[in-house]
Amino acid sequence: MAEYLIKNGFVFDPVLGIKGDVVDIAIKDGKIVETTEVKDPKVIDAAGKTVMAGGVDIHAHVAGPKVNVGRNFRPEDKLFTYKPRSGVERMQGGFSVPTTIRTGYNYARMGYTTVMEAAMPPLYARHTHEEIRDTPILDQGAYPVFGNNWFVLEYLKNHEIENTAAYVAWLLRATKGYAVKVVNPGGTEAWGWGLNCENVHDPVPYFDITPAQIVKGLIEANEYLGLPHSMHIHANNLGNPGNYTTTLDTFRLSEGIKPRSKFGRDQVMHHTHVQFHSYGGDSWGNFESKAPEVIDYVNSHDNITIDLGAVTLDETTTMTADGPFEHHLTELNHLKWANTDVELETGSGVVPYVYSPNIKVCAIQWCIGLELALLAKDPMRVFLSTDHPNAGPFTRYPRIMKWLMSEEARRQQIDSFKHRDKVIEATNLAGIDRELDLYEIAQMTRAGPAKALGLSQIYGGLAPGLDADVAVYDFNPSEPYAPDDIEKAFSSAEHLFKTGVQVIRDREIVSNGNKRTLWVNAKVNENPQVMRDVREKFLRYYTVTLNNYEVSGHHYIPNPYVIEVDATQ
Amino acid sequence: METVTLTMKKQPDLYLEADNITPDAFAGKKAEEIADLHVYVGREQHRLGDFFEVSGKAGSTPETTKIVVNGDLSRVKYIGMKMTGGEIVVNGNADMYVGAWMQGGRITVNGNVDAFAGTGMKGGELVINGNAGNYLGAAYRGDWRGMSGGKIIVAGNAGSDIGTFMTGGEITIGGDVDVHVATHAEGGRIVIKGNAKSRLGGQMVEGEIYVFGTIDVMMPGFAYRQDVDIDMDGIKGRFALYEGDLGERHRKRKGQMIYGKIYQRIEA
């Protein structure tokens, strides 16, 4: 493989603690190496430019059945957005639900190299992996959903942690999954009967269990196995005024539990898209930000990480395994709605949504997302996301960086809101003058998420030994700049290396890379009871046999990166 | 006002995607520059001048530019797409998407148009002196934003699914229409001087449909309210008023529930 030397760039790397110093970065055999180790490198002149590790997205919906439902039922999302094939780039299209091809290219353009698919219905794992396979450049993994799974509900009703863990390990292997995802625990199952679970103690109909028991049990099972990532949750009561109390109740379920993982993470709970969970008031009339209350809890509890779910004020497509929420949303905006029930496992819904700056609630939501980031004390535990495409398309990350890095940019946006004064009154953002620096941005978009995923041994930094995922941006932090310069520079990386392969050169995509699929193979002691339960459930309830369920073979995962976990003790 | 004349000299092997035939794209250009504008045939890009003889020149702005298109245009799509001003006269039959998403100005077609004419139209005037195809003034596939402003006048008949998701503006049909009129509409007005078939106003929330002739089958979601005398905008006579679609949500205005309205003429 070619050797590279990226010379004279302003480097921002939380792993090495480099805060904008001019440092050379050397690449050899797909890894970062000491500069003395490269003999005849191709030299990349990065003088006057910003150098960071490849971005890591801990939570986005980019592959699988509900993403495809979004693509299918929103032809208008592709209207006027097609781009014909050119060079190594294949034909691409779509804005909020882009094609797999565009997903890969657009993340790469922003300097991102690793993206996690945040909700994989196990029954449709094969489809999810086929889409991941067709997404160029990016390393990806997918989180199977567990929070409404009948096996989990039945084991945890009796607090059978060992059985739950054995089932989790089996399902991760069967679906080639990466982590334990929970979406509206119990609520999506309740939706099968037209019901929901609105708080952590709201019993799940027919299962004699509460969301609190599901969440706590899955954290314990996750730590029993010692998985790379923690339990990853989208809590109950998403999107409703006054829901911040449910969020705090959910956070508290992690109290007293310590991580038991050799992968270097410090958290036992990752709470995703917290913007949607930080609402005060009791109606849309007195809707207000409770971001300070929520982030205060996160600031004072080391065993929690979160991502933002920041609203970008675009027309987008919401999609979640939270079936009842999507029904609630279509009743609000009267736009089209798709809904799916996934047998014993989960459900989902999809509804288009327009976050209009002329609507007070949307403007308040925008403020909340940014408040969470700006009030965070530890950027290594608070990550940038839009819950793509729910709060906005991932292609707006550079715009969010602009808002986080520039008070002037935020003020311009606030001043343009139709209900400016009411929005200011219901939020805290106008009173926050903090401006994040590039080091903090690198923590929120690289080092932090890599660590929380248990992947800090390969991603998130520029230390020798890590994978050579490196982005060079045309941005000079030592010179004065306008807010829009930030968005422009981070929208289009000048150079990008992915495991040592140059995929972007002079802002042109020049390679489809060497994408890998990450999955976790957790070994547990043989558990005859769980395997008998699996066989029986498939015989009795599933529409497919076990043979048609498992993701196996080269076809689905041509280039796997398997993370081995031994929980046999 | 300056005039550019396009005369078809060669038929495309497939269909010509000519969304550059607009006063907006032509404004400020000479004939040679206009001939250099691109068109697509399938995935291949060509010059407008490969298919049309171009003469005259454009005005400095769209508003001062008139385009006359002559010949058999039955394989030419997107004439006048997204235009904001000026004028287009089409002498012949045109293919799909004439005046789609147009915002202003005026298009006159002296012939027939195929489907999706005036899709997502926001303003301006589209006059079709022949027949119109399906999806006239409708929303793009999947979109919930159909025609929201402007005026479409068809001298002859129109096909099915006209005014789908319409929220404003006016469509007048001189002749008959096929099934599905103003489906999902939330505003606007459709006047049918001839006969209608069935499924008028399905899932309609707001808006008006006037039918001068017969209606084969009235939707069960519409209820007869009363007879009314009307004399406005060329709509004259005694009409039976139906309100619906009763299966849909409806908003209140000044304490009154607002429904979609179908008026059927009972005497002139």
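Each chain gets a letter, A, B and so on, in the order its sequence line appears, and its residues count up from 1.
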Show me, pair by pair, the donor and acceptor atoms from chain B and chain A that are under 3.5 Å apart.
residue, atom, partner, partner atom, Å
B:G142, O, A:K336, NZ, 2.3
B:R145, NH1, A:E315, OE1, 2.8
B:R145, NH2, A:E315, OE1, 3.2
B:R145, NH2, A:E315, OE2, 3.0
B:R249, NE, A:H334, ND1, 3.2

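For NZ of B:K261, the number of neighbouring non-hydrogen atoms (other residues, nucleotides, ligands) closer than 6.0 Å is greater than 12.
The choice from A:P75, A:P84, A:P352 that makes the most heavy-atom pairs within less than 4.5 Å of chain B is A:P75.
A pairwise comparison of heavy atoms in A:V510 and A:I504 identifies CG2-N, 4.2 Å as the closest pair.
Partners of B:S198 under the side-chain hydrogen bond (donor to acceptor under 3.5 Å, both in side chains) rule, at least two apart in sequence or in another chain, do not exist in this structure. Taking the side chain to side chain contact (heavy atoms under 4.5 Å, CB included) definition, one finds that A:A363 meets it with A:F417, A:V423, sequence neighbours left out. Remark: B:R106 engages B:E87, B:T108, B:E125, B:V127 in a side chain to side chain contact (heavy atoms under 4.5 Å, CB included) (not counting sequence neighbours).
Taking the side chain as every heavy atom from C-beta outward, B:I34 and B:K29 approach each other to under 4.5 Å.
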